[in-house]
Amino acid sequence: MAAYYVSTPIYYVNDAPHLGHAYTTVAGDVLTRWHRQRGEDVWYLTGTDEHGQKIMRTAEANGVSPQEWCDKLVSEAWKPLWEHLEIANDDFIRTTEPRHTQRVQEFVQDLYDKGEIYKGSYTGPYCVGCEEYKAPGDLLEGDLCPIHKRPVEWLEEDNYFFKLSEYGTRLLEFYEANPDFVQPASARNEVVQFVRSGLQDLSISRSSFDWGIKVPWDDKHVIYVWIDALLNYATAVGYGADQAKFDRIWPANVHLVGKDILRFHAVIWPAMLMAQGLPLPGRVFANGWLMVGGEKMSKSNLTGISPRQLTEHFGVDAYRYYFLRAIPFGQDGSFSWEDFTARYTSELANDFGNLASRVAAMVGKYFDGVLPAGSDESLAGPLREAVEKADRAIGEDLDFSGGLGHIFDFVRKVNLYLSEQEPWKVARDTSPEGQAKLASILYAAAESLRAIAVLLNPVMPATAEKLWLSLGAEEHLGALPAQKVHEAGRWGVLPEGATITKGEILFPRLEG
RNA sequence: GGGGCGGUAGCUCAGCUGGUCAGAGCAGUGGACUCAUAAUCCAUGGGUCGCGGGUUCAAGUCCCGCCCGCCCUACCA
């Protein structure tokens with residue numbers, strides 16, 4: 001049984017990470033934490049893409065070598081942010097590492113030997129001011145460079161080409177046989193339509209600059225950064241170097257991508273793997289753009305808010321929660337400070353955090369913090385249902401918003417249960433029957449919280465841990481991350497006698 | 001230009017193959033309660049379902065036209 005392997009894109013280290021990068025990376029982290037709590041062998045990969053002309057230029061502008069520039073950004077910006085956001089990746093690949101560059105050369109050499117790559121010439125619109133080829137679609141009317149507003153020249157240069165055009169039929173057959181390969185469906189339709197319209201061969205080398213992996217049989221060329229970049233998914237898990245590891249992990253179950261790079265992953269990448277005879281990934285899932293005030297967050301438009309600004313105000317866990325809850329995964333989503341605040345207050349503080357508070361307070365007040373035994377299982381059914389729905393939504397469908405919705409529906413049910421049972425009134429009845437009833441009610445509430453902690457751990461690990469400890473669960477049940485999702489729905493797991501303490505407030509009310 | 005998606009209550013959005021589909025959450029208002037982070041629970045939503053036609057016994061739900069927004073239309077990372 002191969003590992004459940006999830007990748008993020010490797011991010012281009014031209015600049016510091018922004019909300020969009022963090023969004024994808026948190027989603028992958030939640031997905032993989034969820035699968036770990038299913039007890040699966042999981043591999044979560046992220047990393048950085050460090051070659052290419054743009055990085056070379058940026059480094060030059062900052063007076064350092066490209067490698068120095070990448071080292072600095074990776075160590076000072078990228079890795080620290082992932083640690084800050086509690087990203088539990090199993091590896092971090094950099095495309096400048098020898099374990100990558102050597103294998104990329106071998107991969108490309110293989111394709112060359114197999115006749116999948118040939119030498120040809122590329123003709124394209126070239127801007128002298130930019131010193132680079134432009135994408136035809138980027139040109140302004142009259143073939144003007146969008147940056148310099150000057151006419152481009154049509155230049156021709158020798159390039160190596162991958163015979164992508166020969167894979168159209170096989171790709172379409174593959175999409176047909178694997179309808180879930182590209183998700184969401186809107187993305188799939190675009191990809192299928194694109195491939196149907198006919199594929200051209202792909203230029204996979206550049207000779208106008210040298211910050212890249214050399215083409216092994218022709219060192220005047222470097223490998224086009226996208227071929228370089230895509231292969232990280234293979235080189236990072238032992239392709240050509242550690243066969244046992246590769247066999248265990250390959251292929252990816254899910255490649256998470258931004259929709260800007262969907263085509264590379266849904267068309268070029270599988271074609272490359274077909275050419276090499278490697279198993280194809282299970283899914284390519286394109287998430288949408290985060291919009292702030294109607295404008296997308298992207299590399300070219302770093303308007304506004306950084307991840308750290310938000311975590312400083314709302315906390316890391318609320319940050320991880322918010323974007324996945326508020327935006328259906330795969331769609332573009334509008335984000336706003338106001339909406340974040342509203343969800344924080346209503347869902348995290350009032351519904352969830354307060355539930356934990358009131359239950360702990362009552363067990364403390366009425367039973368001196370020792371969880372009594374109980375026999376009321378009226379919440380067992382709703383819990384089981386919530387677990388099943390959340391597991392399908394998050395674990396299978398990558399519907400984080402829907403999955404969190406199911407978990408929080410259950411949170412509401414527990415609040416409602418307490419309102420109906422009115423344990424504070426039952427507590428006045430000092431008869432054995434009255435006390436037994438009170439015990440049952442509070443046991444049911446605490447047991448519900450136990451399950452909620454397990455279910456929310458992938459999304460909000462620090463908060464779930466606080467709750468776990470306040471329930472006294474660790475002593476009896478072990479570490480929270482070791483709790484299995486499918487066992488979370490069982491009733492009666494938290495043992496009588498557990499020590500319940502009212503810990504710190506999970507989600508303090510926001511100031512201002 | 002061509003293709004795709006969307007325009008439903010103040011806000012964010014559900015509404016699959018046409019007939020309790022006019023809804024949910026949040027916000028607002030009123031009430032109950034007091035264990036709790038002044039939290040929770042209950043009640044309360046007459047909104048031209050973008051506009052105009054059409055098909056049908058019946059249309060947010062299908063067809064045509066129009067308006068508005070976004071996306072794709074290959075080698076930008």
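As the structure is a computational prediction, the values presented were derived from the model and not from experiment. A note on names: the letters A, B, ... follow the listed sequences, proteins ahead of strands, and every chain is numbered from 1.
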Give the nucleotide from the list B:C76, B:A74, B:U40 with an atom nearest to the side chain of A:Asn354. B:U40
Classify A:Arg196 by what it touches in the nucleic acid, base, sugar-phosphate, or nothing, heavy-atom distance under 4.0 Å. nothing
Within less than 4.0 Å of OP1 or OP2 of B:U73, is there a side-chain N or O belonging to A:Arg263? yes
Could you give the CD1-to-P distance, from A:Ile268 to B:C76, as a whole number of Å? 11 Å
Hey, is the main chain of A:Lys214 close enough, under 3.5 Å, to the side chain of A:Gln105 for a donor-acceptor pair? yes
Taking only N and O in the side chain of A:Arg412, is any of them less than 4.0 Å away from OP1 or OP2 of B:C26? yes
Residue matched to B:A58 through Watson-Crick or wobble contacts both under 3.5 angstrom: none
Geometric class of the A:Tyr233/A:His255 ring pair [parallel <30°, tilted 30-60°, perpendicular >60°]: tilted
Would one find a side-chain N or O of A:Asn350 under 4.0 angstrom from OP1 or OP2 of B:U40? yes
If pairing means Watson-Crick or G-U wobble with both distances under 3.5 Å, then the partner of B:C26 is B:G10
So what's B:G18 paired with, Watson-Crick or G-U wobble, going by both distances under 3.5 Å? none
Could you please name the partner base of B:G45, counting Watson-Crick and G-U wobble pairs only when both distances are under 3.5 Å? none
